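Structure first, commentary second.
Naming convention: chains lettered A, B, ... in sequence-line order (proteins, then strands); numbering from 1 in each chain. Note that the structure is predicted; figures quoted are calculated from it, not measured.
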Amino acid sequence: MYLLEAKQVHKSFGENHVLKGVDLSVAEGQVVSIIGPSGSGKSTLLRCLTQLETADRGDISICGRVMTKEENGRAVYSDKNQLRSIMLDVGLVFQNFQLFPHWSVLRNLTDAQVRVLGRSREEAETIARDLLAKMKLSEKEDAYPCQLSGGQQQRVAIARALAMSPKILFFDEPTSALDPELIGEVLEIIRDLAKQHMTMVIVTHEMTFAREISDRVMFLEKGSVLAFDTPEAIFADASHGRIQAFLSLLHK
Amino acid sequence: MDFFFQLIRMTPDTFHNLMRQMAEGTWQALEIFIYTAIFSVPLGVLVALLRESPLKPVSAVTRFYQLVMRGTPLMLQLMFVMYGPYYMFGVSMNRFNACILAFVINYAAYFGEIFRAGINSIPRGQYEAGQVLGYTKQQTFFHIVLPQVMKRVLPPTGSEFLVLVKDTALANVIAQPQLFDVAKKTSGSMVSVVPLVIAAAIYLIMSAVVEMTFHRMERKLDYYS
Ligand SMILES: Nc1ncnc2c1ncn2[C@@H]1O[C@H](COP(=O)(O)OP(=O)(O)OP(=O)(O)O)[C@@H](O)[C@H]1O
Ligand SMILES: [Mg+2]
């Protein structure tokens with residue numbers, strides 16, 4: 001079963017046609033990586049899928065619920081309640097963490113559980129502590145985000161997203177804001193999630209990582225899908241001339 | 001003690017009488033300060049939100065109001081609110097109410113600008129993080145954005161409150177009794193500088209209390225950056 005189905009998604013900012021009919025299907029338990037040059041529309045695609053932007057055209061369904069359906073050449077969104085329940089099925093991890101600085105690590109993980117999902121404080125804290133243990137951050141529950149390293153902040157941000165029990169988790173360049181020596185600890189967490197068959201869509205510039213954990217890799221260029229295939233095919237196959245050029249540029 | 005009364009060239013009775021009037025004036029100045037503070041801060045939040053309204057006319061009208069309030073003398077505004085309605089329509093307002101109204105609409109304009117800057121200084125990502133976690137717009141604003149705004153606007157708000165302590169003296173132009181009025185009248189009738197010195201000391205103490213209060217609040221919010 002597909003947890004995410006997007007068909008012919010279009011998005012323009014004024015005259016700038018950023019997404020030119022993108023298709024993406026993600027099955028339950030799959031990990032999909034999105035790669036491509038800067039400005040190709042990777043973030044915009046993720047933002048359309050997480051409702052941070054509204055698509056101009058196309059169909060998007062998440063967990064079997066219709067988010068938007070194309071009618072007469074434009075995307076028609078479902079009603080507020082439906083969009084909200086879709087929102088609760090997805091999680092998003094930002095490039096620059098976006099933790100709430102005025103709350104402790106624990107509160108960052110519990111507040112939305114209590115306020116949005118209506119869980120009891122005890123239940124929320126149990127879930128939060130469990131996740132912090134998995135992130136190897138148990139001793140940091142009373143710390144404030146500003147007291148943590150970038151890698152630790154990103155792990156808290158991942159835990160915050162997971163605390164809401166999303167069915168599908170999106171990452172927008174989760175390691176791009178990190179010092180090189182901190183990248184590994186965050187990738188390791190994502191790797192663990194993949195082993196537990198968490199459904200994930202990851203925009204990344206970490207090619208070795210993408211190749212290693214993805215079931216499918218999408219190569220996006222200038223708003224069009226150049227290839228959507230297994231990592232072996234994408235990274236090995238010389239038939240994708242543009243992709244090879246992009247990859248060799250990265251290695252320089 | 002006798003030396004003290006010789007120094008200020010007053011009998012103990014005149015001095016006590018003076019201090020009684022000073023105390024009353026201080027209370028009247030404090031009333032202006034407190035009412036203005038209570039009403040202008042929430043109104044300032046509203047002004048900030050109206051100014052940021054996506055409806056162009058709303059934002060434009062709010063901006064014009066702020067320009068008028070910040071671009072004309074508060075003294076003139078006090079006169080306008082106090083005497084304007086009488087000159088134009090023959091109705092007059094209670095002096096104290098007119099005074100508070102003028103102060104509130106003036107200070108709300110300044111607070112609006114401070115809060116607007118504060119709200120705009122919160123990165124868009126914070127709103128987006130709230131949104132994808134399922135918080136409603138209101139929850140995101142009141143639980144995530146506003147507490148961070150408060151920390152950032154505390155220093156400029158404190159400055160504004162210091163100005164307000166001294167601005168209460170402007171109520172003199174509409175003959176609203178308060179500390180400055182007492183100081184002026186008594187120093188004139190006694191031909192003495194003493195009332196002025198006492199009033200200055202009282203303003204300074206009130207300012208110091210405001211300064212210390214804000215300093216303490218800032219320290220309380222020092223736990224994060
Ligand atoms: N809010 C916006 N308003 C106007 N233009 C935008 C907006 N967001 C993105 N764009 C434009 O859309 C295009 C794609 O941007 P996007 O951020 O999706 O690229 P990206 O693939 O994520 O790039 P990067 O690898 O640098 O993150 C760019 O030309 C960008 O300028
Ligand atoms: Mg991007």
Side-chain angles (χ1 to χ4, degrees), chain A residues 43 46-47 49-53 80-81 83-105 107-119 142-148 153 156-157 159-166 168-172 177, chain B residues 41-42 44-45 48-49 52-56 111 114-158 213-225:
Chain A
S43 296
L46 230 54
R47 292 171 61 81
L49 299 175
T50 51
Q51 301 183 47
L52 292 178
E53 299 283 358
K80 246 179 107 177
N81 291 337
L83 291 181
R84 190 172 160 71
S85 54
I86 294 174
M87 186 73 95
L88 294 178
D89 279 339
V90 308
L92 173 62
V93 175
F94 297 83
Q95 182 174 345
N96 46 4
F97 332 132
Q98 299 297 351
L99 293 174
F100 304 128
H102 57 307
W103 288 342
S104 69
V105 165
R107 177 94 186 265
N108 263 281
L109 266 59
T110 55
D111 193 87
Q113 290 188 64
V114 174
R115 220 185 284 281
V116 176
L117 299 181
R119 289 179 184 155
D142 293 322
Y144 284 87
C146 62
Q147 300 165 330
L148 304 178
Q153 288 189 52
V156 173
R160 179 180 69 176
L162 289 171
M164 302 298 282
S165 320
I168 176 163
L169 193 51
F170 295 88
F171 295 80
D172 192 357
Chain B
V41 168
V45 177
L49 293 176
E52 291 297 288
S53 164
L55 300 171
K56 281 273 148 56
F111 284 133
I114 290 174
F115 299 159
R116 188 173 75 90
I119 291 170
N120 286 342
S121 75
I122 306 300
R124 202 163 61 119
Q126 288 283 300
Y127 293 88
E128 293 178 346
Q131 192 184 336
V132 292
L133 285 169
Y135 289 103
T136 62
K137 279 213 165 69
Q138 286 77 8
Q139 286 173 330
T140 304
F141 184 74
F142 286 105
H143 298 292
I144 295 166
V145 176
L146 203 55
Q148 297 182 56
V149 170
M150 280 201 228
K151 178 184 166 85
R152 295 190 191 199
V153 302
L154 219 43
T157 305
T213 307
F214 273 85
H215 182 72
R216 190 169 301 168
M217 286 196 284
E218 276 178 48
R219 278 236 310 262
K220 257 209 178 118
L221 292 179
D222 253 359
Y223 67 88
Y224 74 93
S225 56

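- How far CE of Met87(A) is from CD of Gln131(B): 4.5 Å, rounded to the nearest 0.5 Å.
- Atom CZ of Arg115(A) sits about 6.5 Å away from atom CD of Gln139(B), to the nearest 0.5 Å.
- Here the CD-CZ distance, from Gln98(A) to Arg124(B), works out to 10.0 Å after rounding to the nearest 0.5 Å.
- Residue Asp111(A) touches chain B through both its backbone and its side chain, counting heavy-atom pairs closer than 4.5 Å.
- Contacts between Met164(A) and chain B at a heavy-atom distance below 4.5 Å involve the side chain alone, from C-beta outward.
- Using a 4.5 Å cut-off between heavy atoms, Leu99(A) contacts chain B through its backbone alone, with no side-chain atom that close.
- Ring planes of Tyr135(B) and Trp103(A): tilted class, angle from 30 to 60°.
- Residue contact with chain B, scored on non-hydrogen atoms closer than 4.5 Å, involves the side chain of Tyr144(A) exclusively.
- Within the 4.5 angstrom heavy-atom criterion, only side-chain atoms of Arg47(A), from C-beta onward, approach chain B.
- The two residues Pro101(A) and Gln148(B) have their closest heavy-atom pair at CG-OE1, 3.2 Å.
- With a 4.5 Å cut-off on non-hydrogen atoms, Tyr223(B) touches chain A through its backbone and its side chain both.
- Rounded to the nearest 0.5 angstrom, His102(A) NE2 and Gln126(B) CD are separated by 8.0 Å.
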Exercise for the section: Take Val132(B) and Phe170(A) through the side-chain contact (heavy atoms from CB on, under 4.5 Å) test and state the conclusion after the steps. Expected result: CA-CA 11 Å; Val132(B) 292; Phe170(A) 295 88; over 6 Å; no
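- No donor-acceptor distance shorter than 3.5 angstrom exists from the side chain of Tyr224(B) to the backbone of Gln147(A), with no hydrogens or angles considered.
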